[in-house]
Amino acid sequence: MSGIAGKAVAITGASSGIGAATATYLAEKGARLVLGARREDRLNAVVDRITAQGGEVVGAVIDVTRREDLKLLTDMSVDRFGRLDVLVSNAGTMAVSPLDELRQDDWDAMVATHITGLLNGIGAALPVFRRQRSGQFVNVASTAAYIVKSPQSVYAATKTAVKVLTEGLRQEAGPDLRVTLVSPGFTNTEGVGKGASPEAAAAMVRQRDEIAIPPSAIASAIGFAIEQPIGVDISEIVVRPTAQA
Ligand SMILES: NC(=O)c1ccc[n+]([C@@H]2O[C@H](COP(=O)([O-])OP(=O)(O)OC[C@H]3O[C@@H](n4cnc5c(N)ncnc54)[C@H](OP(=O)(O)O)[C@@H]3O)[C@@H](O)[C@H]2O)c1
């Protein structure tokens, strides 16, 4: 199956920002969606909006750090749509801070969300894709996977891990599966600065308000990777504001 229409796509972190924008974009192109996130009210708002516009979509309250939750998400797609064509692993947290502040809970959350969360997605979707002999992983990293800027070291390390895991997965995927890394730069979402130390948050929000691109720019890049013909793998996309250094 090529194109976007009719594909069954599961998206993590779909309650806001890039995940919600990607859901909206793909629904408009005729994809069938399973959306996951922790905040039920925000997730339901996205599901209701897409449903009202005629989209085919279900939501699941999931925490990507829990292995069984990713299994639930991928099972929902298979139960509801008979298959899973794409898993977009997008859930993330940008709770950056200087190492001296010892915000170890935030470090743990970034490791658990970006690394364990991604592995949980691979563990849940890979057997489905192997069975179908088709499927696509789209993993959302960051420009922080390419350039480390203080005080983003833990965030950058986990996003570098996303990049490394994605390349390893691509090499092992074989001819039937597609594996795509999408790395956004500053994007205008509520997640920028959320949970970060006050100084870091202020700097991030200032930069976001000055230069950020809309989340729809990332959504259309994800759509571009998904709509390619069978056998064509868009391996890596970096999307950043022209003004981003
Ligand atoms: N905005 C940027 O400038 C930028 C730049 C580079 C990369 N990114 C990456 O883009 C992705 C999306 O971020 P965003 O900018 O769209 O921010 P956002 O609006 O805060 O979105 C983050 C999403 O992840 C979900 N999430 C967080 N932890 C989760 C968990 N443990 N389990 C399930 N869902 C979880 C959140 O939903 P709940 O809280 O409801 O669970 C939310 O839907 C992240 O991976 C981020 O690192 C963003």
Side-chain angles (χ1 to χ4, degrees), residues 10-25 34-47 59-70 72-73 87-96 105-106 108-121 124 138-149 152 154-163 165-166 181-196 200-201 203-219 221-222 237-241 243-244:
I11 305 173
T12 70
S15 59
S16 61
I18 291 167
T22 301
T24 303
Y25 181 88
V34 182
L35 306 182
R38 295 165 304 179
R39 290 170 299 172
E40 191 169 15
D41 55 335
R42 296 290 301 271
L43 184 66
N44 285 343
V46 177
V47 168
V61 175
I62 60 150
D63 184 331
V64 296
T65 67
R66 294 161 53 93
R67 203 181 287 180
E68 59 272 28
D69 285 14
L70 262 301
L72 175 93
L73 193 77
L87 173 63
V88 181
S89 290
N90 162 74
T93 169
M94 294 173 272
V96 306
D105 287 344
D106 292 344
D108 289 350
M110 286 188 272
V111 170
T113 310
H114 303 150
I115 303 179
T116 308
L118 176 60
L119 292 171
N120 287 341
V138 177
N139 300 336
V140 176
S142 167
T143 47
Y146 297 81
I147 302 164
V148 186
K149 286 188 179 157
Q152 298 187 359
V154 178
Y155 178 72
T158 61
K159 289 298 187 177
T160 302
V162 172
K163 182 165 167 270
L165 283 167
T166 303
L181 183 77
V182 176
S183 292
F186 264 103
T187 307
N188 194 353
T189 71
E190 66 182 50
V192 175
K194 193 197 232 174
M204 288 168 79
V205 167
R206 196 169 49 245
Q207 232 189 330
R208 178 192 67 190
D209 294 348
E210 280 170 14
I211 67 166
I213 52 178
S216 58
I218 315 303
I222 291 173
I237 304 179
V238 181
V239 191
R240 52 161 77 90
Q244 184 170 330

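Order of appearance sets the numbers: ligands from 1, and atoms from 1 within every ligand.
On a distance-only criterion, Ser142 and ligand 1 share no N/O pair closer than 3.5 Å. Geometrically, ligand 1 and Thr65 share no nitrogen or oxygen pair separated by less than 3.5 Å. For Ser15, a nitrogen or oxygen atom sits less than 3.5 Å from a nitrogen or oxygen atom of ligand 1, counting backbone and side chain alike. Geometrically, ligand 1 and Asn90 share a nitrogen or oxygen pair separated by less than 3.5 Å. In terms of polar-atom proximity, defined here as any N/O pair under 3.5 Å, Ala37 makes no such contact with ligand 1. Of the polar atoms of Thr189, at least one N or O is found under 3.5 Å from an N or O of ligand 1, judged by distance alone. Backbone and side-chain nitrogen or oxygen atoms of Val64 are examined, and one is located within less than 3.5 angstrom of a nitrogen or oxygen of ligand 1.
Close approach of ligand 1 to Gly17 (heavy-atom distance below 4.0 Å) involves ligand atoms 16 (O), 19 (O). Ligand 1 places these atoms under 4.0 Å from at least one heavy atom of Phe186: 3 (O). Every atom of ligand 1 is numbered from 1 in the order shown, and the set under 4.0 Å from a heavy atom of Glu190 is 19 (O). If you number the atoms of ligand 1 from 1 as listed, the ones under 4.0 Å from a heavy atom of Ala14 come out as 43 (O). Near Met94, meaning under 4.0 Å from any of its heavy atoms, are these atoms of ligand 1: 1 (N), 2 (C), 4 (C), 15 (O), 17 (O), 47 (O), 48 (C). Close contacts between ligand 1 and Ile62 involve ligand atoms 32 (N), 33 (C) [criterion: under 4.0 Å to a heavy atom]. Near Val192, with a cut-off below 4.0 Å to any heavy atom, the atoms of ligand 1 are 1 (N), 2 (C), 3 (O).
Ranking protein heavy atoms by distance to atom 5 (C) of ligand 1, first place goes to Gly185 O, 3.2 Å. The nearest protein atom to atom 18 (P) of ligand 1, hydrogens excluded, is given as Ser16 OG, 3.5 Å; this is a heavy-atom distance. Here the heavy atom of the protein found nearest to atom 20 (O) of ligand 1 is Gly191 CA, 3.2 Å. Ranking the protein heavy atoms by distance from atom 47 (O) of ligand 1 puts Tyr155 OH, 2.7 Å first. At the top of the distance list for atom 25 (C) of ligand 1, counting protein heavy atoms only, stands Gly13 CA, 3.5 Å. Of the protein's non-hydrogen atoms, Gly92 O, 3.6 Å is the one closest to atom 22 (C) of ligand 1. Nearest protein heavy-atom neighbour of atom 28 (N) of ligand 1: Arg38 NH2, 3.2 Å. Here the heavy atom of the protein found nearest to atom 10 (O) of ligand 1 is Ile18 CD1, 3.5 Å.
Formation of a donor-acceptor pair under 3.5 Å by the Lys163 side chain with backbone atoms of Ser142 is not found in this model. Between the side chain of Thr158 and the main chain of Tyr155, a donor-acceptor pair closer than 3.5 Å is present. Judged by distance alone, the side chain of Asn90 and the main-chain N or O of Gly13 form a donor-acceptor pair under 3.5 Å.
Ligand 1 has no atom lying under 4.0 Å from any heavy atom of Thr93. Using a 4.0 Å cutoff on heavy atoms, Thr113 counts as a contact of ligand 1. Within the 4.0 Å heavy-atom shell around ligand 1 one does not find Arg42.
In terms of heavy-atom proximity, His114 sits nearest to Val162 at O-CG2, 3.7 Å. Between Ser216 and Ala21 the shortest heavy-atom distance is N-CB, 4.1 Å. The two residues Pro184 and Ile18 make their nearest non-hydrogen contact at CG-CD1, 3.9 Å. Across all non-hydrogen atoms, the minimal contact from Asn188 to Pro215 is O-CD, 3.4 Å. Nearest heavy-atom pair, Val205 versus Val192, reported as atom, atom and distance to 0.1 Å: CG2-O, 3.7 Å. Heavy-atom minimum distance, Ile213 versus Ala217: CD1-CB, 4.1 Å.
In Ser183, neither the side chain nor the backbone holds a heavy atom less than 4.0 Å from any atom of ligand 1. In Asp69, neither the side chain nor the backbone holds a heavy atom less than 4.0 Å from any atom of ligand 1. Only side-chain heavy atoms of Lys159 come within less than 4.0 Å of ligand 1; its backbone N, CA, C and O stay farther off. Under 4.0 angstrom from ligand 1, the non-hydrogen atoms of Ala141 all belong to its backbone.
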Point to revise | side-chain contact (heavy atoms from CB on, under 4.5 Å) between Ile218 and Thr22, intermediate numbers included | key: CA-CA 7 Å; Ile218 315 303; Thr22 301; 5.6 Å; no
Practice item. Take Arg39 and Ser15 through the test side-chain hydrogen bond (donor to acceptor under 3.5 Å, both in side chains) and record every step on the way to the result. Key: CA-CA 7 Å; Arg39 290 170 299 172; Ser15 59; 3.2 Å; yes
**Study point:** Derivation of the side-chain contact (heavy atoms from CB on, under 4.5 Å) call for Thr65 and Thr113
**Key:** CA-CA 6 Å; Thr65 67; Thr113 310; 4.2 Å; yes
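Atom CD of Gln244 has more than 12 heavy atoms from other residues, nucleotides or ligands within 6.0 Å.
Each of Asn120, Val34, Leu43, Thr12 was scored for a side chain to side chain contact (heavy atoms under 4.5 Å, CB included) with Ile62, with one residue passing: Thr12.
Separating the CZ atom in Arg38 from the CZ atom in Arg66 is a distance of 12.0 Å, to the nearest 0.5 Å. Note that NZ of Lys149 is 11.5 Å distant from CE of Met204, once rounded to the nearest 0.5 Å. In this structure, the separation between OG1 on Thr187 and CZ on Arg240 is 11.5 Å, given to the nearest 0.5 Å.
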